Amino acid sequence: MTRSRILGWTAGLLLAPVLIAVVLIAIFGWNWLRAPIERYTLDKTGRELVIGGDLELKFAWPRPRFHAGAVSFANPPWAKEKQMIAADAVEVAIDLPQLILRNIVFPEVRLVRPVVFLEHGSDGRKNWLLDANQRDEEARIRIDRLMLDEGRLGYDDAAQKTSIRAELSTADTKSAGEELRPDNKMRGDLPSNSPKPDAISSTSKWPLSFTAQGQYKGMPLKAHGKGGPVLGLRDEDTPYPLTADLSVGRTGVKAAGSITSLLKFTAMDMRLDLRGDSLAQLYPLLGIAFPETRAYVTSGHIVHSGRSWRYDKFSGRVGDSDFAGSVQVDTGGKRPVLTAELASKLLDFADLGPAIGAKPGSVQAAKHTAVPPSGSATPKTAQGRVLPDVPFKTDRWDSVDAEVTLKAKSIRRAKALPLEDLLVHLSLRDSVLTLDPLDLGVAGGHLNAVIKLDGRQDPIDARARVKARKILIAKLFPTVALSKTSIGQVNGEFDLAGKGNTVGRMLANSSGKVGLVVAHGEISKMMMEKIGLHLWEMLVLKISGDKLVKLRCGVADFEVKDGIMRANGLVFDTEVTTIVGTGSIDLREEKLDLTLNPNTKDTSPVALRSPIYVRGSFAHPDVQVDKGRIAVRALGAIALGIASPVLALIPLIDAGPGKDSDCRKLVREARALPHTAKTKKTSPRS
C-alpha cells in the first residue's frame, strides 16, 4: 500500500464522524442528540431528564450555546416534589475547556417560566447534587450567571425547619418569553426589540421582581423586592443590584444596594435598616449572640469584603435610648470576632434591664403584687421577685468573641436617680464575659466596677468588684424631700463572688463583703426626731421650722455568705441621735430582717422610744415600730397620770447619753451586738 493511499484512509477515518454528524444534522437537525443526552443523564444520576422541544446549538469557541424547549429534570425518589426543574425553554452556555477536564460549568443559564424545587433532606442529602446518592459536593453543575423569567422557586430543609416558596417575574415577561419560546429559532426570528441570545448581561431592560413566603428556621418569613435580570450566582466581577423588604419572625429588614456573587457573598455594599423586638432575635439569622434588649430600630451602611463585615455609621434606638456608631465582624478565625464602638446621647436605664436578665417592668410588677396580711406566711411565688431572674443564654456565648465599647452622656432612670457619663467595655472571649471598666457617674460621685462571668461553668461562675466614691446623699435620693438638705457623701466597696445562671441566683449564692461609709454632711433634724419618736421636738420644729444637724458618720458593714448579708456594723451618728442597727438581708429569699435602735443625745421630755423593725421583701419592705413597747409606755404614763399629771411624763422622758460618740467605737459596739437584738431587753434609753 502506497503512502498516499495510507494518508487517504487515515483522513477518511477522521472525517467519517464529522460527515456522519453533518448528515444527521441535515436530516434530523440537532434533535438526534436528545436521546443520547437523556440516556447519559439517567445513567449518571439515576434521574430522568426529558427534552420535549427542539434542541439547537450555536457553536462559538470556547462557549457554545444549547437551546432546548420543554425541559424537565426529575427529583430523586426521597424528595417531596416530583420534578426538580421544569421550564418552557432552557438556554445554556457550556465552558468547553472545563468540560474537557470533566467539570460541568455553565457560565450562563436562561430559563423561561421555570418551576424549581430545591430540597435538603433531613439525612443530609441534597437534590441539587447529581451523584446517585446526592451526597457528593463535587457532583454539581456550576452556574455562574442565571436569568429567570416569570417562574416559581421552592426550597425545603426539614432539619432547619425551613420551607420557602417564591414567585418571580420580569418587567417585560412577554418579550423575554418570546425570545426563548420553543417555537422560535435561534438563527434569526427573534423579536426586533430583544437582545441576542449571547447577550445575557445585567444591562438587560427586564428587571426582576420577587415575592416569597414560608418559614425560616421555624419563624414565619415574608419578603418582596427587585433585582437585576441576571442573577450573578458566582460572578465575582459584576455587582448584582438588589432591593428587598422582608420579615423573619419579629425581625424586619430593608436593604438596598448590591451584592457580588449571590452564592459566595464575595462583596456587599448596601443600605440596611433593621427593626425588631430584641437584638437577641438576630441569632437565628446571623449566628451571632446579641444581648436581650427592648424593641429596636436602626439604619446604617453595611459593607462586606473578604472576611470582614462592617455596619458603619448607623444610628437608631433601643427602647427609649438612642445609639450610633459602627460594628465590625471578622470571620477569619475560630469564631467570628465582633468589634463595636457605640455612643448614646440619652440612655434609658430601663433599656439595660433585659441585658442582665430583668424583664421590662418586672420591678413595678413585683411591687404591685398583693401584700399578705401582717404576720401571715408569704408564699415565695406571691412575694414578687425584684432581682433579675431571666437566665443568660450561655450556650450562645461561644458563637462569637466580642470587644464592645459603649459611651453614654446622659442616663435616664425612674425616680430621677441622677446617672451620667457611662463608659463600659465588654469583652467576650471563649465564653468568658468581662465588663472592665464599668464607670458611671452617680449623684455627683463615681461608681467603678469590674464584673466577670465565666460561661464555661454551669452554673455561671461570677465575680463582681464595685467601688463607690463621693456619692452625694442629696442627689442620690432627690425625690425624698427631707434628704434635699443633706450634703453627706457615700463611699463604699462591694466584693462578691457567686454561682448562678441569672443575676438573682448569683446573688442568692454569693459570698464576700459589702461596706458603705457616709461622712461630712448635714441632715434634717426633723427626720432624726421622727426616727426617735421624740414628740416634743417634733412639735417644736413644726412650729419653728426644720433645722440642719451635723452628720458625724454612717457605717454599714456586711459580711455575705451563701446569699445572707449579716450586719457586722450598722451605725448612723448625728448631733442629736445615734442609730445602731443589727440583723440580716436574705438575697436568696429577697427578705429584710433589720432592727434599728435610735439613741438620743439630748433629753427629750416626751418620747415614745421604740426600736424600728425593717421587715418584708425587697418588693414590699415593711417598716414598723414596736407597738407593744409603745403601748406599755403609754399605759404607764396614763397610770401615773392618774396619781399625778407630772408623773405621767416619767415613762415618756428620753434622758439620752448626753455626749457624742466616736464613730470607730460605735462600729466596735455594733459588732458586739447580738443579731437577735429585737428580743433582747433594751436599756432605758432604747
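These figures come from a predicted structure and were not determined experimentally. Throughout, residue positions are numbered sequentially from 1 according to the sequence presented.
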P336 to V329 - nearest heavy-atom pair and separation: CB-CG1, 3.9 Å
If the condition is ring pair (Phe, Tyr, Trp, His ring centres under 6.0 Å), which residues does W309 pass it with, not counting sequence neighbours? H304
Euclidean distance, F290 CZ relative to L285 CG, rounded to 0.5 Å: 10.5 Å
Would V571 and D557 satisfy side-chain contact (heavy atoms from CB on, under 4.5 Å), going step by step from the backbone distance to the final call? CA-CA 9 Å; V571 181; D557 180 17; over 6 Å; no
Does V337 reach the side chain of T331, with side-chain heavy atoms less than 4.5 Å apart? no
Flag side-chain contact, heavy atom, 4.5 Å: K345 against K409: no
Using the salt bridge (Lys or Arg N to Asp or Glu O under 4.0 Å) rule, collect all pairs that involve residues 313-332, keeping only residues at least two apart or in two chains. none
How many angstroms lie between atom CZ of R588 and atom OG of S510, to the nearest 0.5 angstrom? 9.0 Å
Have a look at K407 and tell me which of L342, L347, L423 forms a side chain to side chain contact (heavy atoms under 4.5 Å, CB included) with it. L423
Less than 4.5 Å apart, side chain to side chain, heavy atoms only: is that true for L338 and V404? yes
Is the number of heavy atoms from other residues, nucleotides or ligands under 6.0 Å of R429 CZ greater than 12? yes
Is Q328 atom CD crowded by more than 12 heavy atoms from other residues, nucleotides or ligands, each under 6.0 Å away? yes
Which residue, V560, V466, I451, forms the side chain to side chain contact (heavy atoms under 4.5 Å, CB included) with L496? V560
Between Q215 and L221, is any pair of side-chain heavy atoms under 4.5 Å apart? no
When you look at NZ of K499, are more than 12 heavy atoms from neighbouring residues, nucleotides or ligands closer to it than 6.0 Å? yes
In Å and rounded to the nearest 0.5 Å, what is the OG1 to CG distance from T434 to L426? 8.0 Å
Correct closest heavy-atom pair for G228 and Y240 would be O-OH, 2.8 Å
Determine, stepwise, if the pair R463 / D495 fulfils side-chain contact (heavy atoms from CB on, under 4.5 Å). CA-CA 8 Å; R463 181 71 181 268; D495 191 346; 2.9 Å; yes
Pairing donors with acceptors under 3.5 angstrom, does anything connect the side chains of D562 and N509? no
Quick one: list whatever passes side chain to side chain contact (heavy atoms under 4.5 Å, CB included) with K264, sequence neighbours left out. R234, E236, S261, T266
Would you indicate whether the side-chain heavy atoms of F392 and W397 approach each other to under 4.5 Å? yes
Is a side-chain N or O of T251 found less than 3.5 angstrom from the main chain of G276, in a donor-acceptor match? no
Could you pull out all residues at least two apart from S258 that satisfy side chain to side chain contact (heavy atoms under 4.5 Å, CB included)? P239, D269
Evaluate R505 against D389 for salt bridge (Lys or Arg N to Asp or Glu O under 4.0 Å), listing each step before the verdict. CA-CA 7 Å; R505 296 308 301 168; D389 61 353; over 6 Å; no
Does any donor atom in the side chain of D273 or S299 lie under 3.5 Å from an acceptor atom in the other side chain? yes
Report the residues that fulfil side-chain hydrogen bond (donor to acceptor under 3.5 Å, both in side chains) with R456, sequence neighbours left out, ordered by chain and then residue number. D454
Of all the heavy-atom pairs spanning A223 and L246, show the shortest one and how long it is. CB-CB, 3.5 Å
Heavy-atom pair with the smallest gap, counting every atom of S278 and P291: OG-O, 4.1 Å
Between R335 and S399, do the side chains contain an N or O donor and an N or O acceptor separated by less than 3.5 Å? no
Partners of K217 by salt bridge (charged side-chain N to carboxylate O under 4.0 Å, His left out), sequence neighbours excluded? none
Quick check: do M506 and L453 have side-chain heavy atoms less than 4.5 Å from each other? yes
Show the numbers, then the answer: is there a side-chain contact (heavy atoms from CB on, under 4.5 Å) between L422 and L438? CA-CA 8 Å; L422 170 68; L438 194 164; 4.3 Å; yes
Measure the OG-NZ distance between S511 and K513 for me, rounded to the nearest 0.5 Å. 11.5 Å
Ion pair R615/D622, N-O distance below 4.0 Å: no
Hits for side-chain hydrogen bond (donor to acceptor under 3.5 Å, both in side chains) against T405, two or more places apart or cross-chain, chain-then-number order -> H425
Basic-acidic side-chain contact under 4.0 Å: R250, D277: yes
Using the side-chain hydrogen bond (donor to acceptor under 3.5 Å, both in side chains) criterion, which residues pair with D439? Sequence neighbours excluded. N448
Whether the S427 and E403 side chains hold a donor-acceptor pair (N or O, under 3.5 Å, no angle test) is what I'd like checked. yes
Which atom of D312 lies closest to which atom of S326, heavy atoms considered: OD1-CB, 3.4 Å
Residues two or more places apart in sequence or in another chain: which of them pass ring pair (Phe, Tyr, Trp, His ring centres under 6.0 Å) with Y216? none
Can you list everything that forms a side-chain hydrogen bond (donor to acceptor under 3.5 Å, both in side chains) with T394? Sequence neighbours excluded, please. none
Measuring only between side-chain heavy atoms, which start at C-beta, is I585 closer than 4.5 Å to F558? yes
Report the residues that fulfil ring pair (Phe, Tyr, Trp, His ring centres under 6.0 Å) with Y311, sequence neighbours left out, ordered by chain and then residue number. F314
Does V390 reach the side chain of V503, with side-chain heavy atoms less than 4.5 Å apart? no
What distance do L406 atom CG and S321 atom OG have between them, rounded to the nearest 0.5 Å? 9.5 Å
Closest heavy-atom contact between G583 and L594? C-CD2, 3.8 Å
With sequence neighbours left out, what residues match I259 under side chain to side chain contact (heavy atoms under 4.5 Å, CB included)? L242, L262, F265, M268, M270
Can you check side-chain contact (heavy atoms from CB on, under 4.5 Å) on K467 and R465, steps first, answer last? CA-CA 7 Å; K467 293 182 180 180; R465 297 184 180 91; over 6 Å; no
Looking at CG of L282 and CD1 of I288, how far apart are the two atoms once the value is rounded to the nearest 0.5 Å? 9.5 Å
Do the charged groups of E292 and K393 touch, with an N to O distance under 4.0 Å? yes
